[in-house]
Structures are given as C-alpha cells and as structure tokens.
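Notes for the one structure printed next.
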Number of protein chains: 2
Amino acid sequence: MEAGLDQEVGKKGRITIHDVAAVAGVSISTASKALNDTGRMGEETRERVKRIAREIGFRPNALARGLLSKRSFTIGLLTNDTYGRFTLPVMAGISEALVDHGVSVFLCAIEDDPALGQIHVDAMLDKQVDGIIASGKRLDRSLPVDLSNLPVPVVYAFTEGTPDSVTFRSDDAQGAGLAVEWLMKLGRRRIAHITGPESFFSVRERAGAYREIAGDTEPVMYGVWSESWGHEAVAKIWGRNGEKPDAVFCGNDQIARGAIDALRECGIRVPEDVSVVGFDNWEIMAEQTRPPLTSVDMGLKALGREAGLTVLALAEGRPVEAGVRKLPCHLVVRQSA
Amino acid sequence: MEAGLDQEVGKKGRITIHDVAAVAGVSISTASKALNDTGRMGEETRERVKRIAREIGFRPNALARGLLSKRSFTIGLLTNDTYGRFTLPVMAGISEALVDHGVSVFLCAIEDDPALGQIHVDAMLDKQVDGIIASGKRLDRSLPVDLSNLPVPVVYAFTEGTPDSVTFRSDDAQGAGLAVEWLMKLGRRRIAHITGPESFFSVRERAGAYREIAGDTEPVMYGVWSESWGHEAVAKIWGRNGEKPDAVFCGNDQIARGAIDALRECGIRVPEDVSVVGFDNWEIMAEQTRPPLTSVDMGLKALGREAGLTVLALAEGRPVEAGVRKLPCHLVVRQSA
DNA sequence: CAGTAATGAGAAAAGGTTTTCTCAAGATAA
DNA sequence: TTATCTTGAGAAAACCTTTTCTCATTACTG
C-alpha cells in the first residue's frame with residue numbers, strides 16, 4: 001500500500017493531501033483529520049498518516065486553507081517611511097511576534113502618494129490580508145490613504161490613527177524625562193535642548209517634559225532635524241555671553257552628532273565638560289559618533305510587537321479596547337553622557 | 001432584476017462574483033467571462049456585468065483565483081540585512097517594478113539564523129509565492145538557508161547565488177573607476193584609497209580598479225567599515241613624511257565621513273585642498289556630511305527592479321539566461337569632490 | 001441474545017473563481 | 001421546409017483543504 005511512493009507522488013505539481021491519502025491508503029478526510037489532530041480515528045492510523053506526510057514532504061496549501069477558513073495568515077504593513085529608519089524596527093517587531101503564529105507580512109512603501117497607497121491597499125484586500133498595520137515616520141501625520149471602513153482590522157503604529165482605532169506610539173515625554181533626569185543625576189544643572197521643528201508633536205512633547213524637569217534655565221532651540229542645525233545651535237549658544245550649559249539634550253541623534261562635532265571644534269570635551277544625550281537611538285549613527293552617543297530608544301521593536309499581536313487579536317475576533325497606547329522609551333547609555 | 005442591490009448584496013462577508021451574477025441576473029460563469037473579457041456573449045451583457053461589478057464594489061478573491069491559476073501574485077524577499085540599508089532600496093525597486101503586475105512582496109528578515117530562515121522559506125512556500133528574491137548586505141556571502149531545489153524560481157540580488165541561478169550585483173569595479181576618473185578629471189594626481197576589510201570581495205574589486213587607474217601612488221589602506229577607521233587612516237597618512245595626497249577615494253560613506261572630519265581637524269579644506277569621494281551614496285549620510293559627499297551609487301533600486309522583473313519572467317515560464325549580471329554604478333556629485 | 005453505545009473511517013459540501021463543455025435558440029443555406 | 005452554423009449563456013468540474021454528516025462495525029449493557 002505504501003509502495004510506489006516517490007515515483008507516484010507529486011508527478012504533476014506540488015504534493016497535496018491527496019498524495020498523502022493515497023500513499024497512506026486512507027481517504028482524504030481521514031488524512032486531513034489525522035494531520036490536524038481532529039476527528040476520531042485509531043492512534044496507529046493517525047501516526048502513520050503523519051509519518052507519511054512528513055516523509056513525502058507534504059505542506060498544506062495556504063491558499064486553499066485560507067479560502068475555507070477566511071484567514072490568510074497574512075497581514076499588510078503600510079508605510080511612508082522611505083528610509084525605513086522607523087519602519088524597519090517596527091517591522092522587525094511585528095515579524096518577530098507573528099512568525100510564531102505563521103503569519104507573513106506584506107511590506108508596502110507608499111511614499112506620500114495617495115494613488116499608490118490605494119493600489120497597495122486594494123492589492124492587500126484582494127489577497128485577503130487578515131489585517132493592516134499602518135506605520136510612518138511621524139506621530140502627528142496620517143498616511144495619505146483612507147483606512148476607515150475597511151473589511152479588515154487596522155492598527156496604527158508610529159503614525160496618527162483614527163480616534164476609534166487602536167494606536168501605538170512612543171511616550172516621548174517619558175523618554176525626554178529619562179534623558180533629562182539622567183543628566184541631572186550626573187550633576188548637570190544647565191541643560192540646553194536643541195531639537196527639531198516646533199510643528200512636530202514629538203518635539204513639543206519632548207520639550208514640554210524637558211522644561212518641566214530642567215526648568216527654564218535655557219530657551220529651547222527649535223530648528224530642523226539635521227546635523228548642521230545641531231552644529232549651528234551649539235555655535236549660537238556658545239557664542240552668546242553669560243554662563244554656558246553643562247549638558248545638551250538633543251531632539252534626535254543627527255542633531256546630537258552635529259552638536260558634538262561643534263563642541264569638539266570649540267575645544268569642549270564630551271562628556272567631561274559637557275554631556276550630550278540624543279534621541280532615537282539610531283544605532284548605526286549613535287555607535288559611530290565620537291564618543292558613542294547616549295540616546296533615548298523609543299522601543300520601536302516592542303511597539304511593532306504589540307501592534308502585531310493586536311492586529312492578530314482583532315483578526316481572530318478577540319476584543320481589543322480602542323485608544324492610544326503609549327509605550328515607554330528607555331535610555332541607552334554609551335559614552336557621551 | 002437589479003432591484004434590491006445594496007440591501008441584498010454582501011449580507012454576509014465580502015462581495016463575491018455570486019453577488020455580481022445575482023444582481024446582473026446572469027450565471028456565475030457569464031459574470032466571470034464578462035469581467036475577464038473572455039468567452040462569448042452580447043456586448044450589452046458584458047458591459048452591464050462590468051458596470052454592476054464596479055457599482056457594488058466587487059473585487060475578486062485572490063486566494064480563490066490563485067488556487068486555480070497556481071499563481072499567487074506574491075513573491076518573497078529574503079534578507080539578512082538588519083538595518084535594511086541595502087535591502088530597502090532593492091525592495092523599493094522590486095515593489096516599483098511589480099506593483100503594476102499586481103504582485104505583492106513578503107519581506108522576511110532572517111538575520112543570520114538558519115532556523116529562522118527555514119521557517120520563513122517554508123511559510124512563503126506554503127503561501128504559494130510565485131518566486132523568491134534573496135538579498136543581503138554583501139556580495140560574497142550567501143544567506144544561511146538552502147534555496148536550491150525549491151519548487152519556485154529564485155533570483156539573487158546583492159548576495160551570492162548558486163552558479164546555475166540568476167544573480168544581480170553591482171559592478172563595483174566600474175563604480176570605483178567612475179570615482180577615480182572623476183578625481184583625475186578634477187586634476188587630482190595623488191589619490192589615496194581608504195577602504196574596508198580586504199576579505200570583502202567588493203573591497204578587492206574596488207581596490208583593483210583604483211590601482212589600475214590611479215597607479216600605485218599610494219598604498220591601499222584596508223581597515224573596517226567605520227567612521228573611526230576613516231579618521232584614523234587620514235591621521236596616519238598625513239602623519240607620515242613626504243608628499244601628501246590631494247584626493248581620497250573611500251570604500252564607503254562612513255569611512256569618507258570619518259576622513260572628512262579628520263581632514264578638517266588637520267586644517268585641510270575639502271574640496272579645495274583635498275577632494276573626497278565616498279561609496280554607497282547612503283543619502284541620509286552623504287547629504288548631511290559637511291561638505292555634502294560626492295559618492296558612488298550602486299543603483300540598488302535598478303537592481304531590485306531587474307530582479308523583480310526577472311523573477312516574474314521565471315514565474316511565468318519565460319526563459320531567462322542564468323548567470324551573474326553586473327549592473328552599472330553611477331556617480332552622484334555633491335560638494336566634496 | 002437483543003438492543004444500545006462507542007469507535008473508526010469515508011462521502012460530500014463548502015469556500016470563490018476560472019474554464020471547458022453543453023445546449024437552446026435564432027440565423028443562414030440548400 | 002429542413003439541415004447546418006452561429007451566437008449567447010448556463011452547468012459542472014477543477015483547484016486544495018476542512019468540516020459535518022453518515023454509516024458500518026465492534027463492544028458493551030440489560
């Protein structure tokens with residue numbers, strides 16, 4: 001009954017459960033039940049079917065399975081973050097959380113093109129994704145595509161979501177608090193804050209926390225997210241008369257990088273004379289800075305993990321409370337502070 | 001016959017071709033043929049079915065379609081490039097090329113974990129991907145997972161492939177040539193080359209082209225892929241006695257960055273006194289360097305595009321010649337040279 | 001020993017689409 | 001008017017799996 005085997009199996013196309021059933025000499029339904037540990041049958045039969053399936057390398061066709069179960073074990077990740085600086089860690093977290101559940105992820109980079117976004121959303125829906133995670137590069141902007149009233153659950157991660165949805169974001173105020181408290185614990189008292197454009201929600205949150213803890217010793221320096229702004233801001237501060245800061249808390253790692261360069265050019269030592277803390281913990285940047293940069297990590301991987309588990313829960317019909325969830329940042333101490 | 005409409009349609013679940021057929025008052029087969037522009041029927045019927053499908057928002061279920069056609073319109077992108085510095089542009093190219101064909105991309109980051117790689121490959125095969133593109137961060141290393149004898153076509157992009165497969169890679173020698181020739185066109189004669197570990201194939205290729213064009217004016221400085229190495233190497237060269245270089249060709253943008261910093265610290269002006277060219281054109285780095293970095297772009301997006309079109313061709317059974325295809329680099333001129 | 005319960009396994013339907021085959025009606029040719 | 005051709009449209013099978021239902025056999029219970 002088990003004769004033939006390899007020669008007979010998979011003659012045309014992939015190996016199906018029909019092949020398993022044929023080789024095992026049972027019906028298709030029995031084979032299915034054996035493999036899924038459902039139904040009633042002799043333990044011996046079940047084991048034999050399983051063994052044969054293993055031997056001939058049977059793997060169930062997810063398309064057929066999905067057609068029936070209405071679960072494709074597939075989700076879509078939509079992002080407008082071209083460089084993937086924020087999205088990649090989020091993606092890593094999602095993937096890590098979902099791979100155990102057999103879920104794969106479609107990554108769709110849509111730039112800021114609404115038409116492209118719509119195309120990708122349609123393609124994902126056609127492919128019956130179990131859910132969609134929307135991600136981005138900014139907490140206070142939403143993707144250029146309408147995700148309300150979709151037939152699948154949508155979760156937002158590091159991008160602005162609709163009020164009645166589940167949204168995950170970093171707790172930037174808490175993260176800024178971590179940085180400033182660390183500087184104060186180091187004995188620093190005059191802490192400057194050089195950051196990005198005030199139009200960014202994150203910037204206002206971080207600056208708010210900074211002011212609350214550090215007091216109004218220094219005016220917040222708003223600018224742009226670039227090294228050159230960090231450089232320029234330091235030049236401005238140290239060009240002024242009066243007492244100089246003994247620490248700089250920067251709005252991101254690029255600004256911090258520029259600031260450190262400027263300080264070195266002024267002959268100021270980091271961290272001996274001035275401590276510097278960055279934000280984002282963009283490792284490839286933070287580790288290469290001289291000295292390596294102490295920075296606030298937004299925990300994007302954990303954020304992705306949570307988003308992944310949440311969209312899965314929604315897809316399985318488990319109830320999830322709507323609202324914004326702030327996930328904590330943590331401080332990665334290197335040598336600049 | 002077209003009455004009811006919205007109320008009747010999609011009462012449970014998504015809208016299927018059954019709904020279209022019912023509303024249009026035709027059979028399912030007629031509806032299908034109308035929508036696919038196949039079969040024989042009155043032009044009027046065809047148009048009516050199409051209109052109704054549009055009106056009630058019918059979109060065919062890709063799972064069901066794929067089950068029959070054995071095409072899932074899905075491919076998998078496998079990579080061990082954690083930061084996505086190389087993979088993301090490749091991915092962008094793939095996606096751009098394939099979105100027009102309705103193909104979506106599973107992104108699977110497998111680190112360097114063979115077990116994880118196997119899991120992802122199995123998951124992709126279960127989902128009946130039409131093909132797989134393997135990508136990485138290094139031309140002379142292959143992914144830690146066996147992709148031979150898979151039931152779907154595999155194309156390699158920016159990673160080492162099997163001899164009988166299709167492999168796309170950048171033409172590093174040509175790219176290095178571009179850089180050195182540009183420097184010589186600027187009148188530079190003593191060109192130094194600071195680069196990564198000699199164990200990298202790319203390093204040897206680039207160094208080879210450099211030596212061929214620039215001659216043996218300066219010994220190649222092999223090191224690591226870091227800013228600090230760029231910094232250190234410049235310090236070494238300018239610490240030596242004898243004539244100094246008037247240009248530096250760096251193995252990547254991070255090294256170039258370190259080199260420029262070191263030159264500035266020595267009081268040497270870039271590009272007035274010394275021209276510097278980087279490699280990779282890692283925009284987020286190259287644009288922020290002071291001065292902005294002239295760099296060799298490996299054309300990874302084009303590489304991804306080619307890989308995408310190739311895997312699609314193979315999936316459709318069109319013949320593709322095996323072998324390694326070198327794609328040209330181009331020079332992005334900014335201000336450092 | 002007759003009747004019921006438990007067990008093992010198969011038949012068939014379902015899921016949504018495409019494709020091939022069949023059939024009826026109307027049109028043309030003889 | 002009868003035989004053949006064309007046209008329009010539907011029935012059914014196929015893709016692969018899961019699940020529910022049914023049935024036959026064996027093992028008990030009274």
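Computed from a predicted model, the values in this text were never measured in an experiment. To find a chain, count down the sequence lines: A is the first, B the second, and so on, and within it residues start at 1. Heavy-atom basis, side chains included; hydrogens, waters and symmetry copies ignored.
When rounded to the nearest whole Å, the span between CD1 of A:Ile15 and P of D:dC16 equals 12 Å. The separation between B:His18 atom NE2 and D:dA12 atom C1' is 12 Å, rounded to whole Å. Rounded to whole Å, the distance from CG on B:Leu63 to C1' on C:dT17 is 11 Å. Residue A:Met41 contributes atom CE, which lies 19 Å from atom P of D:dT26 at whole-angstrom precision. One can place CZ of A:Phe73 at 15 Å from P of D:dT17, the figure rounded to the nearest angstrom. Rounded to whole Å, the distance from CG on B:Asp19 to C1' on C:dG16 is 11 Å. The distance between atom CD1 of A:Ile17 and atom P of C:dA9, rounded to the nearest whole Å, is 15 Å. Rounded to an integer number of Å, the gap from B:Glu43 CD to D:dT6 P is 20 Å.
Taking 4.0 angstrom as the limit, A:Thr45 places a side-chain polar atom (N or O) nearer than this to OP1 or OP2 of C:dA9. OP1 and OP2 of C:dT17 both lie 4.0 Å or more from every side-chain N or O belonging to B:Asn61. At C:dA9, none of the side-chain N or O atoms of A:Ser29 fall inside 4.0 Å of OP1 or OP2 (strictly under the cut-off). Checking the phosphate oxygens (OP1, OP2) of D:dG8, no side-chain nitrogen or oxygen of B:Arg40 falls inside 4.0 Å. Residue A:Thr30 places no side-chain N or O under 4.0 Å from the OP1 or OP2 atom of C:dA9.
Residue contacts for B:Lys70: at a heavy-atom cut-off of 4.0 Å it reaches the sugar-phosphate backbone alone, with no base atom in range. B:Thr16 comes within 4.0 angstrom of sugar-phosphate atoms only, judged by non-hydrogen atoms across all strands, and of no base.
For A:Leu327 against A:Glu306, the heavy-atom pair with the smallest separation is CD2-CG, 3.8 Å.
The shortest side-chain heavy-atom distance between B:Phe158 and B:Leu300 falls under the 4.5 Å cut-off.
A salt bridge between B:Lys50 and B:Asp37 is present, with a side-chain N of the basic residue lying under 4.0 Å from a carboxylate O of the acidic one.
Counting distance only, with no hydrogens placed and no angle test, the side-chain atoms of A:Lys33 and the base atoms of C:dG10 include a donor-acceptor pair under 3.5 Å.
Using a 3.5 Å distance cut-off with no hydrogens or angles, the side chains of A:Thr74 and A:Lys127 do not pair a donor with an acceptor.
Side chain of B:Ile28, nearest nucleotide from C:dT18, D:dG10, C:dG16: C:dT18. Closest to the side chain of A:Leu68, from the set D:dT17, C:dG10, D:dA14, is D:dT17.
Residues B:Phe168 and B:Tyr156 keep their aromatic ring centres 6.0 Å or farther apart.
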